[in-house]
Participant: 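Here it is: the structure, laid out below.
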Amino acid sequence: MRETRLRKTTVIVLGAVLYALLYGFCSQIDRTGHADVMEAGRRFLVALPAALMILTGLFAAVLPFLERKLKSGPKTEKPFCTVGAFALIFLCYVPMFLIEFPGSFTYNTQDQTVQAASGMYTTFHPLIHTLLLKTCLSAYDFFQSYEKCAALYSIIQMLVLSGCFALICASLSRSTTRRTAHLAVIFFCLYPLHWVLASNCTKDVLFSGFFALFLAYALEAVRAGKLPAGRVMMQAATGIMACLFRNNMIYAMAVWLVLLIIWQARRHIQLIVCTALAMVLAVCANNGLKAATNAAEGKVVEMLSVPIQQLAYARLKADDRFTDEERELMDSVFVDDCYRYYEPTLSDPVKDRVDDAAMREHMAEMAKLWFSVALKCPNEYLDAFLNLTLPSLYPYREYGVIAPYLEAGANGGVITEIFGQPPIVQPARFAGIREFLTEQFLNTGADHVPIVRELFNTGSIFWLLLLLFLNSVYRGDKKHTLILLLPVLLWGTFLLGPVMQGRYLYPFICSLPVFAACEKEEK
């Protein structure tokens with residue numbers, strides 16, 4: 001009893017401290033773009049008592065009450081209809097597909113199309129995604145229309161995504177209740193980000209479906225103790241696909257696997273073996289694709305968005321603190337004074353101009369430079385980090401990122417230009433709807449629309465997920481805490497990304513039903 005009380009008190013205190021710290025620093029960044037440590041301390045002291053009271057009430061009364069309300073009916077429930085759920089979810093995505101016909105093909109698609117047309121591949125984008133796009137474009141000989149080829153890609157993505165969601169609901173019906181599964185179906189049908197992204201050509205969509213399904217099978221595995229062979233194979237397959245679509249998954253899964261071995265090695269050997277097998281096979285498969293396509297390695301600077309932003313901002317604001325040797329080294333990598341292109345919310349203006357070959361050559365020296373400057377410019381480093389990652393740390397008032405919250409549309413000739421074909425033209429009869437959606441929702445994440453804005457606000461979603469994770473720890477639910485650690489670790493890798501947009505939020509949106517299911521008491 002004493003140990004339980006200590007754990008609960010510790011979780012509430014640490015959780016309140018974390019929320020208050022985020023408020024103290026990020027509320028300043030949200031308004032002015034700068035954070036003062038003394039002001040952050042004052043805001044922290046004001047927020048901490050409120051955070052303690054709120055978390056105590058939520059963990060002790062509100063969340064347990066909601067869990068009791070969500071408890072299911074008897075074990076004699078009818079089997080969940082996976083096919084019906086799949087059809088219903090898919091049909092809910094069709095209207096937006098027709099409005100955006102043949103789908104949304106933007107920025108990254110152009111580079112992938114060039115690779116597909118030239119046969120000169122790189123690992124900058126997931127090879128499996130580029131090859132899927134190439135397969136659809138290769139159907140031109142049959143369709144005689146790149147518009148129909150693009151539509152083929154959108155339909156394939158919608159089918160795969162709907163299938164993943166239906167299987168997630170089926171898994172939840174087995175590991176929790178049919179009522180939970182039905183609520184998940186409603187969520188996958190009606191949450192607006194699903195409508196927009198289902199036919200949006202970006203790696204994050206398919207990755208999100210595979211990631212959430214892997215997580216659902218992991219939940220089912222820890223609750224059942226063991227999965228049938230068929231479901232183990234399905235879980236391994238979804239883990240492999242998630243790793244192939246995003247390297248972030250490999251990094252997060254590697255740490256998660258170590259924690260599984262340390263904490264639950266004897267109880268969940270099957271899950272550990274399945275996870276390890278998925279990682280190994282994914283790495284082998286990706287290396288096989290690289291060998292088959294002679295793909296060039298991606299740029300190392302793509303992994304260094306945060307340190308690049310911090311060095312650029314420090315050079316702009318505190319150049320006098322750099323030694324002559326430090327300036328010379330930095331200028332050999334940040335060529336043509338490219339740090340002057342610094343944009344607080346997007347690393348691409350600087351990152352894309354950094355000499356990647358020079359960065360590789362001087363990696364050790366640049367690491368020492370970064371650390372040396374960090375000691376001299378801690379405030380500049382903090383501001384650069386918080387400005388870049390604010391949407392994933394705090395429920396911002398306005399979406400202040402220079403890039404749109406979600407890019408949609410056919411964007412002219414991103415697919416057709418390389419083939420010498422005219423741009424894809426979307427249906428004129430829906431032009432007004434597309435313009436309205438873009439201006440009111442997609443550009444800013446509906447930050448001006450009360451209540452609706454919270455469905456798009458990345459900070460609000462991450463604060464909710466953190467709350468559910470902390471509640472799992474509060475209850476001493478080690479099994480569910482371990483499951484929820486995987487998305488927490490994945491979120492940590494996304495904090496090092498080049499920008500924070502809605503598509504980076506999507507894997508966590510897709511995982512929300514699993515988070516909610518982890519809060520339910522077992523039968």
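Residues take their numbers from the sequence shown, with the count starting at 1. Keep in mind the model is a prediction, meaning the values are calculated, not measured.
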Participant: Look at Lys376 together with Glu326 and state whether they make a salt bridge at an N to O cut-off of under 4.0 Å.
Facilitator: yes
Participant: How long is the gap from CH2 on Trp491 to CG on Leu465, to the nearest 0.5 Å?
Facilitator: 10.0 Å
Participant: Just wondering, are more than 12 heavy atoms of other shown residues or ligands nearer than 6.0 Å to CD in Gln440?
Facilitator: yes
Participant: Between Thr106 and Ala408 (side chain of the first, backbone of the second, donor and acceptor by atom type, cut-off under 3.5 Å), is there such a pair?
Facilitator: no
Participant: For the side chain to side chain contact (heavy atoms under 4.5 Å, CB included) test, which of Thr345, Thr389, Leu346 pairs with Val499?
Facilitator: Leu346
Participant: Out of curiosity, Glu147 CD to Gln426 CD, how far, rounded to the nearest 0.5 Å?
Facilitator: 9.0 Å
Participant: Tell me whether the rings of Phe165 and Tyr93 are parallel (<30°), tilted (30 to 60°) or perpendicular (>60°).
Facilitator: perpendicular
Participant: Using only atom types and a distance under 3.5 Å, with no angle test, would you say the side chain of Thr458 pairs donor to acceptor with the backbone of Pro391?
Facilitator: yes
Participant: Are more than 12 heavy atoms from other residues, nucleotides or ligands located less than 6.0 Å from atom CG of Leu375?
Facilitator: yes
Participant: Give me the ring orientation class for Tyr506 and His194: parallel if the planes are under 30° apart, tilted from 30 to 60°, perpendicular past 60°.
Facilitator: perpendicular
Participant: Between Asp331 and Arg315, is there a salt bridge with N-O shorter than 4.0 Å?
Facilitator: yes
Participant: Can you measure from CZ (Arg246) to CG (Leu206) and round to the nearest 0.5 angstrom?
Facilitator: 12.5 Å
Participant: Would you check if Val449 and Phe456 make a side-chain contact, meaning some heavy-atom pair closer than 4.5 Å?
Facilitator: no
Participant: Would you find more than 12 non-hydrogen atoms of other residues, nucleotides or ligands less than 6.0 Å from Asp336 atom CG?
Facilitator: no
Participant: Thr180 side chain to Leu172 main-chain N or O, any donor-acceptor pair under 3.5 Å?
Facilitator: no
Participant: Go through it in stages, so that I can follow the logic: the residues are Arg321 and Glu380, the test is salt bridge (charged side-chain N to carboxylate O under 4.0 Å, His left out), and I'd like the CA-CA distance, side-chain angles, deciding distance and then a yes or no.
Facilitator: CA-CA 12 Å; Arg321 298 178 210 169; Glu380 286 77 11; 3.4 Å; yes
Participant: Of all the heavy-atom pairs spanning Ala384 and Gln309, show the shortest one and how long it is.
Facilitator: CB-O, 3.9 Å
Participant: For Asp356, is there an ion pair with Lys299 - N to carboxylate O distance below 4.0 angstrom?
Facilitator: no
Participant: Quick one: does Ser392's side chain have a donor or acceptor within less than 3.5 Å of a partner on Leu495's backbone?
Facilitator: no
Participant: I'd like to know whether NZ of Lys317 has more than 12 heavy-atom contacts from other residues, nucleotides or ligands below 6.0 angstrom.
Facilitator: no
Participant: Does any N or O in the side chain of Trp256 come within less than 3.5 Å of the main-chain N or O of Tyr251, such that one atom is a donor and the other an acceptor?
Facilitator: no
Participant: Determine whether Leu455 and Pro192 make a side-chain contact, defined as any pair of heavy atoms from C-beta on separated by less than 4.5 Å.
Facilitator: yes
Participant: Check the pair Ser347, Ser305 against side-chain hydrogen bond (donor to acceptor under 3.5 Å, both in side chains), reporting the backbone distance first and the verdict last.
Facilitator: CA-CA 6 Å; Ser347 71; Ser305 293; 3.2 Å; yes
Participant: Is there side-chain contact between Phe441 and His448, with at least one heavy-atom pair below 4.5 Å?
Facilitator: no
Participant: Centroid-to-centroid, Tyr342 to Tyr313, below 6.0 Å?
Facilitator: yes
Participant: Could you tell me whether Arg31 and Glu398 have a side-chain N and a carboxylate O separated by less than 4.0 Å?
Facilitator: no
Participant: How long is the straight-line distance from CD1 of Ile89 back to CG of Leu159, given to the nearest 0.5 Å?
Facilitator: 12.0 Å
Participant: Look at the aromatic rings of Phe207 and Phe211 and report parallel, tilted or perpendicular, splitting at 30° and 60°.
Facilitator: parallel
Participant: Ion pair present between Arg453 and Asp447, side-chain N to carboxylate O less than 4.0 angstrom?
Facilitator: no
Participant: Where the side chain of Trp463 meets the backbone of Leu393, is there a donor-acceptor pair that is under 3.5 Å apart?
Facilitator: yes
Participant: Are Tyr381 and Trp370, when compared by the centres of their aromatic rings, separated by less than 6.0 Å?
Facilitator: yes
Participant: Could you state the interatomic distance from CG (Asp319) to SG (Cys377), rounded to the nearest 0.5 Å?
Facilitator: 9.5 Å
Participant: Pick out which of Leu161, Val196, Val160 makes a side chain to side chain contact (heavy atoms under 4.5 Å, CB included) with Val205.
Facilitator: Leu161
Participant: Please find the pair of heavy atoms, one from Thr122 and one from Leu127, that lie closest to each other, and give the distance.
Facilitator: O-CD2, 3.7 Å
Participant: Would you mind reporting whether Val414 and Thr113 have side-chain heavy atoms less than 4.5 Å apart?
Facilitator: no
Participant: A side-chain contact here means heavy atoms from C-beta on lying under 4.5 Å apart; do Met363 and Val300 qualify?
Facilitator: yes
Participant: Using 30° and 60° as the class boundaries, would you call the ring planes of Tyr399 and Tyr405 parallel, tilted or perpendicular?
Facilitator: perpendicular
Participant: With a 4.5 Å cut-off on side-chain heavy atoms, are Leu386 and Phe25 touching?
Facilitator: yes
Participant: Are the ring centres of Phe44 and Tyr23 closer than 6.0 Å?
Facilitator: no
Participant: Tell me, yes or no, whether the heavy-atom count around Met359 atom CE, taken from other residues, nucleotides or ligands under 6.0 Å, exceeds 12.
Facilitator: yes
Participant: Can you classify the ring geometry of Tyr504 versus Phe494 as parallel (below 30°), tilted (30 to 60°) or perpendicular (above 60°)?
Facilitator: perpendicular
